[in-house]
Amino acid sequence: MNKNKLDQKIAILGGGQLGKMLLQAGSRLGLNLSVMDADKSYPAAFISPYFICGDIRDYDDVLNFGMKADIITIEIENVNIEALEELEKRGKKVFPQPEILKIIKDKGKQKMFYEGNHFPSSDFALYSNIEEIKKDVESGLVKMPFVQKLRSDGYDGRGVMVVKKSEDLDQLFTQECVVEDFVDFEKEISVIVARNPSGDITAFAAVEMHFHATANLVEFLFCPANINSDVEEKAEKLAMEIASTFGIIGLLSVEMFVDKSGNILVNEVAPRPHNSGHHTIEASSISQYEMHLRAILDLPLGRPNSIRPAVVVNLLGENGYIGSPIYENIEKCLEIDGIYPHIYGKRETRPFRKMGHVNILGDNLSDTIEKAKFVQKTLKVKA
Ligand code: ADP
(Lines give C-alpha, C1' and ligand atoms only; values in the text may rest on other atoms or scores of the structure.)
Protein backbone atom coordinates (compact mmCIF):
# COMPACT_ATOMS: atom_id res chain seq x y z
CA MET A 1 0.00 0.00 0.00
CA ASN A 2 1.20 3.52 -0.74
CA LYS A 3 2.43 5.43 2.27
CA ASN A 4 0.74 8.65 3.17
CA LYS A 5 2.73 11.27 1.23
CA LEU A 6 3.74 13.09 4.39
CA ASP A 7 5.09 9.88 5.96
CA GLN A 8 7.69 9.31 3.26
CA LYS A 9 11.24 9.36 4.59
CA ILE A 10 13.32 12.16 3.10
CA ALA A 11 17.14 11.98 3.04
CA ILE A 12 18.94 15.30 2.54
CA LEU A 13 22.51 15.32 1.25
CA GLY A 14 24.33 18.28 2.78
CA GLY A 15 24.10 19.68 6.29
CA GLY A 16 24.88 23.34 5.70
CA GLN A 17 22.56 26.27 6.34
CA LEU A 18 20.25 25.38 3.46
CA GLY A 19 19.87 21.89 4.92
CA LYS A 20 19.13 23.41 8.30
CA MET A 21 16.39 25.64 6.89
CA LEU A 22 14.88 22.67 5.00
CA LEU A 23 14.70 20.81 8.33
CA GLN A 24 13.06 23.79 10.01
CA ALA A 25 10.36 23.94 7.33
CA GLY A 26 9.89 20.17 7.36
CA SER A 27 9.59 20.09 11.12
CA ARG A 28 6.49 22.29 10.96
CA LEU A 29 4.87 19.76 8.65
CA GLY A 30 5.90 16.88 10.91
CA LEU A 31 8.03 15.33 8.16
CA ASN A 32 10.47 12.48 8.52
CA LEU A 33 13.83 14.03 7.57
CA SER A 34 17.41 12.90 7.96
CA VAL A 35 20.63 14.63 6.88
CA MET A 36 24.08 13.44 5.97
CA ASP A 37 27.29 15.46 5.94
CA ALA A 38 30.87 15.22 7.08
CA ASP A 39 30.78 16.47 10.61
CA LYS A 40 28.45 17.15 13.52
CA SER A 41 29.65 20.75 13.75
CA TYR A 42 27.62 21.57 10.60
CA PRO A 43 24.58 23.87 10.94
CA ALA A 44 21.93 21.19 10.26
CA ALA A 45 23.35 18.86 12.91
CA PHE A 46 22.34 21.18 15.75
CA ILE A 47 18.66 20.72 15.09
CA SER A 48 18.48 17.17 13.76
CA PRO A 49 18.41 13.99 15.81
CA TYR A 50 18.85 12.16 12.49
CA PHE A 51 22.15 13.67 11.37
CA ILE A 52 24.40 10.98 9.92
CA CYS A 53 28.14 11.54 9.50
CA GLY A 54 29.23 10.60 6.00
CA ASP A 55 30.85 11.94 2.84
CA ILE A 56 28.26 13.24 0.37
CA ARG A 57 30.83 12.75 -2.44
CA ASP A 58 31.41 9.09 -1.59
CA TYR A 59 29.51 6.41 -3.55
CA ASP A 60 28.96 3.97 -0.66
CA ASP A 61 28.08 6.61 1.90
CA VAL A 62 25.45 8.16 -0.38
CA LEU A 63 24.05 4.77 -1.44
CA ASN A 64 23.74 3.46 2.13
CA PHE A 65 22.19 6.67 3.39
CA GLY A 66 19.76 6.89 0.47
CA MET A 67 18.64 3.26 0.76
CA LYS A 68 17.09 4.04 4.15
CA ALA A 69 14.80 6.71 2.66
CA ASP A 70 11.95 6.95 0.15
CA ILE A 71 13.03 10.29 -1.34
CA ILE A 72 16.58 11.63 -1.66
CA THR A 73 17.25 15.33 -2.16
CA ILE A 74 20.18 17.75 -1.93
CA GLU A 75 21.10 21.15 -0.53
CA ILE A 76 24.36 21.35 -2.52
CA GLU A 77 25.28 20.04 -5.99
CA ASN A 78 28.63 18.60 -5.00
CA VAL A 79 27.35 15.05 -4.32
CA ASN A 80 28.09 11.58 -5.73
CA ILE A 81 25.89 11.35 -8.82
CA GLU A 82 26.70 7.71 -9.61
CA ALA A 83 25.21 6.71 -6.25
CA LEU A 84 22.13 8.82 -6.98
CA GLU A 85 21.72 7.06 -10.33
CA GLU A 86 21.97 3.69 -8.59
CA LEU A 87 19.37 4.75 -6.02
CA GLU A 88 17.05 5.78 -8.82
CA LYS A 89 17.58 2.38 -10.50
CA ARG A 90 16.66 0.72 -7.23
CA GLY A 91 13.33 2.51 -7.24
CA LYS A 92 14.08 5.46 -4.97
CA LYS A 93 12.79 8.91 -5.84
CA VAL A 94 15.77 11.18 -6.38
CA PHE A 95 14.90 14.88 -6.72
CA PRO A 96 16.47 16.75 -8.45
CA GLN A 97 16.85 13.85 -10.88
CA PRO A 98 20.48 12.75 -11.37
CA GLU A 99 20.46 13.32 -15.14
CA ILE A 100 19.48 16.97 -14.57
CA LEU A 101 22.08 17.36 -11.85
CA LYS A 102 24.73 16.10 -14.28
CA ILE A 103 23.91 18.88 -16.73
CA ILE A 104 23.71 21.59 -14.10
CA LYS A 105 26.93 20.62 -12.29
CA ASP A 106 28.87 21.15 -15.51
CA LYS A 107 28.69 24.79 -16.67
CA GLY A 108 29.67 23.64 -20.17
CA LYS A 109 26.76 21.20 -20.40
CA GLN A 110 24.48 23.85 -18.90
CA LYS A 111 25.39 26.32 -21.66
CA MET A 112 24.84 23.61 -24.30
CA PHE A 113 21.43 22.92 -22.80
CA TYR A 114 20.43 26.59 -23.15
CA GLU A 115 21.78 26.74 -26.67
CA GLY A 116 20.15 23.46 -27.73
CA ASN A 117 16.77 24.57 -26.40
CA HIS A 118 17.04 28.14 -27.74
CA PHE A 119 17.00 29.81 -24.34
CA PRO A 120 18.69 33.22 -24.48
CA SER A 121 22.15 33.09 -22.91
CA SER A 122 25.52 34.70 -23.73
CA ASP A 123 27.56 33.19 -26.58
CA PHE A 124 30.22 30.75 -25.42
CA ALA A 125 32.90 28.24 -26.34
CA LEU A 126 34.43 25.34 -24.40
CA TYR A 127 38.18 25.04 -23.82
CA SER A 128 40.45 22.48 -22.25
CA ASN A 129 43.67 24.46 -22.20
CA ILE A 130 44.88 28.04 -21.87
CA GLU A 131 46.95 28.01 -25.07
CA GLU A 132 43.83 27.51 -27.18
CA ILE A 133 42.14 30.47 -25.45
CA LYS A 134 45.20 32.68 -26.01
CA LYS A 135 45.35 31.63 -29.66
CA ASP A 136 41.70 32.53 -30.16
CA VAL A 137 42.21 35.88 -28.43
CA GLU A 138 45.13 36.59 -30.76
CA SER A 139 43.15 35.70 -33.86
CA GLY A 140 40.24 37.85 -32.68
CA LEU A 141 37.84 34.90 -32.31
CA VAL A 142 37.56 35.63 -28.58
CA LYS A 143 37.16 39.30 -27.78
CA MET A 144 37.91 41.03 -24.50
CA PRO A 145 36.29 41.54 -22.10
CA PHE A 146 35.19 37.92 -21.71
CA VAL A 147 34.33 35.68 -18.77
CA GLN A 148 36.13 32.43 -18.03
CA LYS A 149 34.31 29.90 -15.82
CA LEU A 150 35.47 26.53 -14.57
CA ARG A 151 33.14 23.84 -15.90
CA SER A 152 32.80 22.29 -12.45
CA ASP A 153 33.41 22.94 -8.76
CA GLY A 154 33.02 26.73 -8.88
CA TYR A 155 30.88 28.24 -6.12
CA ASP A 156 29.77 31.71 -5.02
CA GLY A 157 31.88 33.46 -7.66
CA ARG A 158 34.97 31.28 -7.12
CA GLY A 159 35.95 29.76 -10.45
CA VAL A 160 34.69 32.80 -12.39
CA MET A 161 37.08 35.37 -13.87
CA VAL A 162 36.41 38.47 -15.93
CA VAL A 163 39.25 38.92 -18.41
CA LYS A 164 39.55 42.56 -19.46
CA LYS A 165 43.11 43.07 -20.67
CA SER A 166 46.09 41.11 -22.04
CA GLU A 167 47.80 40.91 -18.63
CA ASP A 168 44.76 39.07 -17.22
CA LEU A 169 45.49 36.22 -19.62
CA ASP A 170 48.34 35.13 -17.34
CA GLN A 171 45.85 34.53 -14.53
CA LEU A 172 43.56 32.21 -16.53
CA PHE A 173 42.35 28.99 -14.86
CA THR A 174 44.07 25.93 -16.27
CA GLN A 175 41.16 23.46 -15.92
CA GLU A 176 38.42 22.72 -18.47
CA CYS A 177 36.35 25.84 -18.81
CA VAL A 178 33.64 27.84 -20.53
CA VAL A 179 34.60 31.13 -22.15
CA GLU A 180 31.58 33.36 -22.61
CA ASP A 181 30.82 36.87 -23.79
CA PHE A 182 30.85 39.50 -21.10
CA VAL A 183 27.29 40.74 -20.59
CA ASP A 184 26.97 44.45 -19.95
CA PHE A 185 23.96 43.89 -17.73
CA GLU A 186 21.99 46.50 -15.86
CA LYS A 187 20.55 44.16 -13.27
CA GLU A 188 21.02 40.65 -12.05
CA ILE A 189 17.81 38.93 -10.97
CA SER A 190 16.71 35.50 -9.84
CA VAL A 191 13.40 33.66 -10.10
CA ILE A 192 12.85 30.48 -8.10
CA VAL A 193 10.51 27.97 -9.73
CA ALA A 194 8.95 24.91 -8.10
CA ARG A 195 7.60 21.88 -9.96
CA ASN A 196 6.08 18.67 -8.61
CA PRO A 197 5.67 15.19 -10.20
CA SER A 198 1.99 15.91 -10.99
CA GLY A 199 3.19 18.77 -13.21
CA ASP A 200 2.05 21.64 -11.00
CA ILE A 201 4.46 24.54 -11.41
CA THR A 202 4.77 27.93 -9.74
CA ALA A 203 7.31 30.71 -9.25
CA PHE A 204 8.36 33.13 -6.54
CA ALA A 205 8.52 36.86 -7.26
CA ALA A 206 11.80 37.95 -8.87
CA VAL A 207 14.64 39.04 -6.59
CA GLU A 208 17.27 41.61 -7.49
CA MET A 209 20.91 41.32 -6.48
CA HIS A 210 22.42 44.65 -5.52
CA PHE A 211 26.14 45.00 -6.10
CA HIS A 212 28.53 47.05 -4.02
CA ALA A 213 29.58 50.07 -6.10
CA THR A 214 33.33 49.46 -5.77
CA ALA A 215 33.93 45.92 -4.46
CA ASN A 216 32.36 43.62 -7.09
CA LEU A 217 30.29 41.81 -4.43
CA VAL A 218 26.60 41.19 -3.92
CA GLU A 219 25.82 43.63 -1.17
CA PHE A 220 22.24 42.62 -0.60
CA LEU A 221 19.24 41.08 -2.31
CA PHE A 222 15.85 42.63 -2.48
CA CYS A 223 12.31 41.71 -3.41
CA PRO A 224 10.38 42.96 -5.32
CA ALA A 225 13.03 43.49 -7.99
CA ASN A 226 13.03 47.00 -9.42
CA ILE A 227 11.93 45.91 -12.91
CA ASN A 228 8.84 46.72 -14.90
CA SER A 229 5.99 44.24 -15.17
CA ASP A 230 6.93 43.29 -18.77
CA VAL A 231 10.42 42.28 -17.72
CA GLU A 232 9.08 40.50 -14.63
CA GLU A 233 6.61 38.51 -16.74
CA LYS A 234 9.29 37.63 -19.30
CA ALA A 235 11.68 36.52 -16.56
CA GLU A 236 9.06 34.36 -14.87
CA LYS A 237 8.05 32.80 -18.19
CA LEU A 238 11.66 32.02 -19.12
CA ALA A 239 12.41 30.53 -15.68
CA MET A 240 9.31 28.33 -15.86
CA GLU A 241 10.13 27.19 -19.39
CA ILE A 242 13.64 26.23 -18.33
CA ALA A 243 12.31 24.26 -15.34
CA SER A 244 9.72 22.48 -17.51
CA THR A 245 12.25 21.67 -20.23
CA PHE A 246 14.57 20.15 -17.65
CA GLY A 247 11.52 18.35 -16.21
CA ILE A 248 12.89 19.06 -12.76
CA ILE A 249 11.10 18.03 -9.57
CA GLY A 250 11.77 20.39 -6.66
CA LEU A 251 13.13 23.91 -6.89
CA LEU A 252 15.06 25.48 -9.72
CA SER A 253 16.53 28.88 -9.05
CA VAL A 254 17.21 30.71 -12.30
CA GLU A 255 19.72 33.57 -12.28
CA MET A 256 19.33 36.02 -15.15
CA PHE A 257 20.90 39.20 -16.50
CA VAL A 258 18.69 42.09 -17.61
CA ASP A 259 20.24 44.60 -20.01
CA LYS A 260 19.35 48.28 -20.49
CA SER A 261 16.77 47.46 -23.14
CA GLY A 262 15.02 44.94 -20.91
CA ASN A 263 16.42 41.87 -22.71
CA ILE A 264 16.93 38.85 -20.50
CA LEU A 265 19.75 36.31 -20.67
CA VAL A 266 19.94 33.27 -18.41
CA ASN A 267 23.21 33.08 -16.48
CA GLU A 268 22.95 29.86 -14.50
CA VAL A 269 20.57 27.71 -12.48
CA ALA A 270 20.67 25.85 -9.16
CA PRO A 271 18.43 22.80 -8.56
CA ARG A 272 17.73 23.36 -4.85
CA PRO A 273 16.87 26.07 -2.33
CA HIS A 274 18.98 29.11 -3.07
CA ASN A 275 20.46 32.16 -1.36
CA SER A 276 18.15 34.33 -3.44
CA GLY A 277 15.16 32.81 -1.62
CA HIS A 278 16.23 33.32 1.99
CA HIS A 279 13.72 36.14 2.52
CA THR A 280 10.78 33.84 1.70
CA ILE A 281 10.82 32.51 5.28
CA GLU A 282 9.19 35.68 6.60
CA ALA A 283 8.34 37.65 3.47
CA SER A 284 6.34 35.09 1.50
CA SER A 285 3.17 33.13 2.23
CA ILE A 286 5.15 29.92 1.54
CA SER A 287 8.93 29.70 2.06
CA GLN A 288 11.21 28.27 -0.61
CA TYR A 289 12.18 25.52 1.86
CA GLU A 290 8.61 24.39 2.44
CA MET A 291 8.01 24.70 -1.30
CA HIS A 292 10.91 22.36 -2.09
CA LEU A 293 9.51 19.77 0.32
CA ARG A 294 5.97 20.14 -1.04
CA ALA A 295 7.32 19.63 -4.56
CA ILE A 296 9.37 16.49 -3.87
CA LEU A 297 6.49 14.99 -1.84
CA ASP A 298 4.09 15.72 -4.73
CA LEU A 299 1.90 17.89 -2.50
CA PRO A 300 -0.07 20.87 -3.83
CA LEU A 301 2.34 23.77 -4.33
CA GLY A 302 -0.12 26.57 -3.61
CA ARG A 303 0.93 29.98 -4.86
CA PRO A 304 3.59 31.93 -2.95
CA ASN A 305 2.60 35.55 -2.39
CA SER A 306 4.98 38.27 -1.26
CA ILE A 307 3.68 39.60 2.03
CA ARG A 308 5.99 42.60 2.47
CA PRO A 309 9.00 44.08 0.65
CA ALA A 310 12.16 42.36 1.85
CA VAL A 311 15.92 42.79 1.82
CA VAL A 312 18.45 40.08 2.66
CA VAL A 313 21.80 41.06 4.16
CA ASN A 314 24.50 38.39 4.43
CA LEU A 315 26.37 38.18 7.71
CA LEU A 316 29.98 37.54 6.81
CA GLY A 317 32.81 37.06 9.29
CA GLU A 318 34.67 40.35 9.74
CA ASN A 319 38.16 40.47 8.34
CA GLY A 320 40.76 39.90 11.06
CA TYR A 321 38.70 37.64 13.34
CA ILE A 322 38.93 33.86 13.68
CA GLY A 323 37.28 31.89 16.47
CA SER A 324 34.05 31.47 18.38
CA PRO A 325 31.65 34.03 16.86
CA ILE A 326 30.22 37.06 18.62
CA TYR A 327 27.27 38.80 16.94
CA GLU A 328 28.10 42.35 17.95
CA ASN A 329 25.16 44.75 18.33
CA ILE A 330 22.52 42.17 17.48
CA GLU A 331 20.35 43.64 20.28
CA LYS A 332 20.30 47.05 18.56
CA CYS A 333 18.90 45.37 15.44
CA LEU A 334 16.31 43.36 17.35
CA GLU A 335 14.85 46.60 18.75
CA ILE A 336 13.64 47.46 15.26
CA ASP A 337 10.44 46.03 13.79
CA GLY A 338 10.80 43.63 10.88
CA ILE A 339 14.39 42.48 11.41
CA TYR A 340 14.86 38.71 11.47
CA PRO A 341 18.42 37.40 11.96
CA HIS A 342 19.11 33.83 10.88
CA ILE A 343 22.27 32.65 12.60
CA TYR A 344 23.54 29.40 11.10
CA GLY A 345 25.30 28.23 14.26
CA LYS A 346 28.76 27.72 12.76
CA ARG A 347 31.20 27.28 15.62
CA GLU A 348 34.00 29.29 14.09
CA THR A 349 34.00 32.61 12.28
CA ARG A 350 36.64 33.33 9.65
CA PRO A 351 37.14 36.39 7.41
CA PHE A 352 34.21 36.58 4.95
CA ARG A 353 32.74 33.20 6.03
CA LYS A 354 28.93 33.17 5.65
CA MET A 355 27.77 33.00 9.26
CA GLY A 356 24.15 33.93 8.78
CA HIS A 357 21.84 36.36 7.06
CA VAL A 358 19.25 38.89 8.15
CA ASN A 359 15.84 39.14 6.54
CA ILE A 360 14.56 42.69 6.77
CA LEU A 361 10.93 43.52 6.09
CA GLY A 362 9.39 46.94 5.70
CA ASP A 363 6.41 48.86 4.38
CA ASN A 364 8.10 49.88 1.13
CA LEU A 365 11.39 49.06 -0.55
CA SER A 366 13.23 52.32 0.16
CA ASP A 367 12.39 52.18 3.88
CA THR A 368 13.48 48.51 3.93
CA ILE A 369 16.77 49.29 2.19
CA GLU A 370 17.46 52.01 4.80
CA LYS A 371 16.93 49.45 7.58
CA ALA A 372 19.20 47.02 5.72
CA LYS A 373 21.96 49.63 5.55
CA PHE A 374 21.63 50.14 9.30
CA VAL A 375 21.96 46.38 9.89
CA GLN A 376 24.96 46.22 7.57
CA LYS A 377 26.88 48.87 9.44
CA THR A 378 25.74 47.85 12.93
CA LEU A 379 25.70 44.05 13.17
CA LYS A 380 29.23 42.62 12.94
CA VAL A 381 30.48 39.06 13.27
CA LYS A 382 33.64 39.09 15.36
CA ALA A 383 35.40 36.62 17.63
P1 ADP B 1 28.77 31.17 -9.39
O2 ADP B 1 28.25 29.85 -9.83
O3 ADP B 1 30.08 31.06 -8.72
O4 ADP B 1 27.77 32.00 -8.64
P5 ADP B 1 28.23 32.78 -11.77
O6 ADP B 1 28.25 32.11 -13.09
O7 ADP B 1 26.88 33.12 -11.22
O8 ADP B 1 29.11 31.94 -10.74
O9 ADP B 1 29.08 34.11 -11.85
C10 ADP B 1 29.35 34.92 -10.71
C11 ADP B 1 29.10 36.38 -11.03
O12 ADP B 1 29.97 36.80 -12.10
C13 ADP B 1 27.69 36.65 -11.55
O14 ADP B 1 26.80 36.79 -10.48
C15 ADP B 1 27.90 37.91 -12.36
O16 ADP B 1 27.90 39.05 -11.53
C17 ADP B 1 29.27 37.72 -12.96
N18 ADP B 1 29.16 37.13 -14.31
C19 ADP B 1 29.02 35.82 -14.61
N20 ADP B 1 28.92 35.61 -15.93
C21 ADP B 1 28.99 36.84 -16.51
C22 ADP B 1 28.95 37.33 -17.86
N23 ADP B 1 28.85 36.49 -18.91
N24 ADP B 1 29.04 38.65 -18.07
C25 ADP B 1 29.18 39.51 -17.02
N26 ADP B 1 29.24 39.13 -15.75
C27 ADP B 1 29.14 37.82 -15.47
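Whatever order the structure lists ligands and atoms in, that order sets their numbers, starting from 1. Nothing fancy with the numbering, it's 1 onward along the sequence.
Residue F185 has at least one heavy-atom neighbour below 4.0 Å for each of these atoms of ligand 1: 16 (O), 25 (C), 26 (N). Short contacts between ligand 1 and E255, defined as distances under 4.0 Å to a heavy atom of the residue, involve ligand atoms 7 (O). Of all the atoms in ligand 1, the ones that sit under 4.0 Å from a non-hydrogen atom of F182 are 24 (N), 25 (C). Short contacts between ligand 1 and K107, defined as distances under 4.0 Å to a heavy atom of the residue, involve ligand atoms 1 (P), 2 (O), 5 (P), 6 (O), 8 (O).
For the residue pair K68 and S34, no side-chain donor N or O sits within less than 3.5 Å of a side-chain acceptor on the partner. In this structure, a donor-acceptor pair under 3.5 Å is absent between the side chains of K346 and S41. Side-chain contact annotation: Q17 with H342, donor-acceptor N/O pair under 3.5 Å absent. Between Q171 and D168, the side chains place no donor N or O within less than 3.5 Å of an acceptor N or O (distance only, hydrogens not considered). Between N359 and E282, the side chains place a donor N or O and an acceptor N or O closer than 3.5 Å (distance only, hydrogens not considered). Side-chain contact annotation: T280 with S287, donor-acceptor N/O pair under 3.5 Å absent.
Where the criterion is an N or O separation shorter than 3.5 Å, residue side chain and backbone included, V147 fails it with respect to ligand 1.
Using a 30° and 60° split on the angle between ring planes, F222 and H210 fall in the tilted class, from 30° to 60°.
If you check each of E180, M161, E268 against atom 23 (N) of ligand 1, the one with the closest non-hydrogen atom is E180. Within the set K149, R158, Q110, M209, the minimum heavy-atom distance to atom 6 (O) of ligand 1 is found for K149.
If you look at N267 next to ligand 1, the close heavy atoms, those under 4.0 Å, all belong to the side chain. At a 4.0 Å heavy-atom cut-off, ligand 1 touches V183 through backbone and side chain alike.
Assignment of F146 to the shell around ligand 1 is not supported, since no heavy atom sits closer than 4.0 Å. Note on ligand 1: V162 sits outside its first shell, no heavy atom being nearer than 4.0 Å.
A centroid separation of less than 6.0 Å is found between the aromatic rings of Y344 and H357.
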